[in-house]
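Input: a single structure, listed below in structure tokens.
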Amino acid sequence: MMGPLLRTEFLKIKRKGFWLLTFLGPFGVVALQMVNYGVRKDYLFQQSDDRWAYYLHNVHDFTPLALVLGIVILTSLMASIENETNAWKQLMSLPVSKYSVYLSKFTVLSFFLLAASFLLMVFTLLYGIFLDLGPDIPYADLARYSFYPFFASLPVLALQLWAAVIFRNQGIPVALGVFGVILTYSSYSLPDWLIWKWPTLMNGWNEPVLNVLWGLLAGCALYVFGMIDFARRDVK
Amino acid sequence: MLPILQSEWFKLRKAKIVSVLFTGPLAGFLLGFTIHGDVPEGVNPWHILLLFMNVIYALLFLPLMTGVLAGLICRYEHQAGGWKQLLTLPVTRGKVFTGKYIILMALVLFIQLLYLGAVYGVGWAKGFTEPFPLEIVWKSIFGGWIASFPLVALQLWMSILFKNFAAPLAVNAVFTLPAILAVQSERFGPYYPWGQPFLMMYIGGGDGVFFVPWEQLLLVVGGSFLVFFLGGYIYFQRKAV
């Protein structure tokens, strides 16, 4: 059943700006560093001997913010397809289960976010090479900084998708999302258990992979909770 | 004009606006407690508190929130032909646009006052005994409000243009995130409209009526306000409903 559902989801989001946003997020994150390095390259080069690590760190300053904002925007956009045209009833009257509808939406969103992570890796690498940061390109760290935040932000994705599909008034999930962005931005001084801190890959043990594990676990839990709750609600 | 304002307010009251209005001050209030810096001798702890809280509030929350509020105020009209219904009434499009804008600015002022309350609440809970720096706080609160004029105008324009919340938010995010970098630059910061709420609320600024010079206020805030407000106004005049 998932195949046709995924195809319909991809059909419905045509010309809605998903690809544009998927490109814009990672591009914006790297473009900020283009401005940053363009304006004060010499100063930034003096900051650290390991220029690649310092550069990756600078890029990663903005990745969590862009990612959390991107999740808020994409989930709201995804839900607005049915919300705007009152199409939930139509969709649910088809011979599909609510679980698989929810799963297909989650899958499509994950796909776009993964694509964005991949693009982030490509853009980061290209601009890093352009900056001539040194011969030893840290490919492992590059991949880590590009893909770890995605896995660490799965709980936020699950939460925002749930909020976006159950509230008709999209102001509420969006306001919740803005709240989350603020928590992500100030996560340096926040406790480790807050899901909005995880995309920053910071924790008390200095082990970014922990955030990935927590993200996968809590992401699954929140996803299942959201799916069950969605299935039990009346179709509006 | 007054009936338009009343009807806008009436529509908003039922749009769960209260919970949205309180998110920011609540976030500010909670984050205020996470600041564990040592206050140097002789420095008013209120100043430290304001410095920290303003960063989060003015740099991200206020600009992003203008978008959410603008989306809420256009929500009824985007549903089921609401624009048609509203504009068949004996009102002009210019007045509807201006009315929505005035309500939005009143809500932003209300948020600013709630934020003032949050700052005071954090200081009170932490047991600050120093006098509350009222003058500085007012400068900051009002400055932030004035700096949000152009941002609200653009977001109202975008919210009328797009049916959903997500697209205006994307526009907002694209301009707001770079402000984090822009305000660090002495050369570009003063010219970046989305950095102005932070610069006008930053209590380490100049000694004038506001924390930024008049030229910057008039040129950047005033100029971008004119562009965005007129842009939205003219767009709305020509919008097919």
Side-chain angles (χ1 to χ4, degrees), chain A residues 16-18 20-21 24-25 27-29 31-36 39-40 58 61-63 65-66 68-81 83-86 164 167-191 194 196, chain B residues 12 14-17 19-24 26-28 30-31 33-37 52-53 55-57 59-73 75-76 78-80 162-178 180-182 184-185 187-188:
Chain A
K16 286 260 174 193
F18 274 73
L20 176 72
L21 287 168
L24 214 58
F27 180 76
V29 168
L32 281 172
Q33 292 314 315
M34 291 182 190
V35 176
N36 199 7
V39 172
R40 45 176 191 171
N58 275 329
D61 270 351
F62 287 93
T63 309
L65 285 177
V68 173
L69 264 170
I71 288 172
V72 178
I73 295 168
L74 290 184
T75 47
S76 178
L77 207 55
M78 196 81 190
S80 70
I81 299 167
N83 275 342
E84 268 173 23
T85 47
N86 287 322
F167 288 110
R168 293 306 297 275
N169 183 351
Q170 286 298 300
I172 291 168
V174 170
L176 174 73
V178 170
F179 188 76
V181 172
I182 293 165
L183 293 182
T184 303
Y185 180 68
S186 44
S187 56
Y188 182 74
S189 49
L190 292 175
L194 270 172
W196 290 279
Chain B
L12 263 185
K14 304 287 174 192
K16 297 186 180 145
I17 186 94
S19 52
V20 172
L21 287 178
F22 276 90
T23 46
L26 185 72
L30 294 177
L31 290 169
F33 284 104
T34 64
I35 301 160
H36 299 297
F52 275 98
M53 284 179 73
V55 173
I56 301 152
Y57 179 82
L59 209 48
L60 283 179
F61 179 79
L62 186 59
L64 290 177
M65 213 53 195
T66 59
V68 180
L69 292 175
L72 276 175
I73 209 165
R75 184 171 166 267
Y76 267 99
H78 278 308
Q79 289 175 333
F162 295 107
K163 250 185 135 178
N164 53 46
F165 269 77
L169 179 66
V171 174
N172 204 352
V174 164
F175 289 117
T176 300
L177 284 188
I180 297 172
L181 269 185
Q184 294 174 22
S185 161
R187 210 148 33 110
F188 302 107

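Quick note on labels: first sequence line is chain A, next is B, and so on, each numbered from 1. Values below: every heavy atom of this structure, side chains too, minus hydrogens, waters and symmetry copies.
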Which heavy-atom pair separates Gln184(B) from Arg40(A) by the least distance, and what is that distance? OE1-NH2, 3.8 Å
Using non-hydrogen atoms and a 4.5 Å limit, figure out which bit of Leu24(A) sits close to chain B: side chain, backbone, both or neither. side chain
Closest heavy-atom pair and its distance - Leu32(A), Leu181(B): O-CD1, 3.3 Å
Contacting moiety of Leu21(A), where chain B heavy atoms sit under 4.5 Å: side chain
Which heavy-atom pair separates Gly171(A) from Val20(B) by the least distance, and what is that distance? O-CG2, 4.3 Å
CG/Leu60(B) to OG1/Thr184(A) distance, rounded to the nearest 0.5 angstrom? 9.5 Å
Between Arg75(B) and Arg168(A), is there a side-chain heavy-atom distance shorter than 4.5 Å? yes
In Å and rounded to the nearest 0.5 Å, what is the OG1 to CG distance from Thr176(B) to Leu69(A)? 8.5 Å
Spatial distance of atom CD1 (Ile172(A)) from atom CZ (Phe165(B)) [nearest 0.5 Å]: 9.0 Å
Under a 4.5 Å cutoff for heavy-atom pairs, which residue among Ile17(B), Leu59(B), Ile56(B), Leu26(B) has the most contacts with chain A? Ile56(B)
With rounding to the nearest 0.5 angstrom, report the OG to NE2 distance, Ser80(A) to His78(B). 11.5 Å
Nearest non-hydrogen partners of Phe62(A) and Leu177(B), listed with the distance: CE2-O, 3.9 Å
Here the gap from Asn164(B) atom CG to Glu84(A) atom CD, rounded to the nearest 0.5 Å, amounts to 5.0 Å
Counting only non-hydrogen atoms closer than 4.5 Å, does Leu190(A) touch chain B with its backbone (N, CA, C, O), its side chain (CB onward), both, or neither? side chain
Student check: side-chain heavy atoms of Ile180(B) and Leu65(A) closer than 4.5 Å: yes
Over all atoms of both residues, closest heavy-atom pair of Ala170(B) and Ile73(A): CA-CD1, 3.5 Å
Quick check: under 4.5 Å, non-hydrogen atoms only, which of residues 63-73 of chain B neighbour chain A? Leu64(B), Met65(B), Val68(B), Leu72(B)
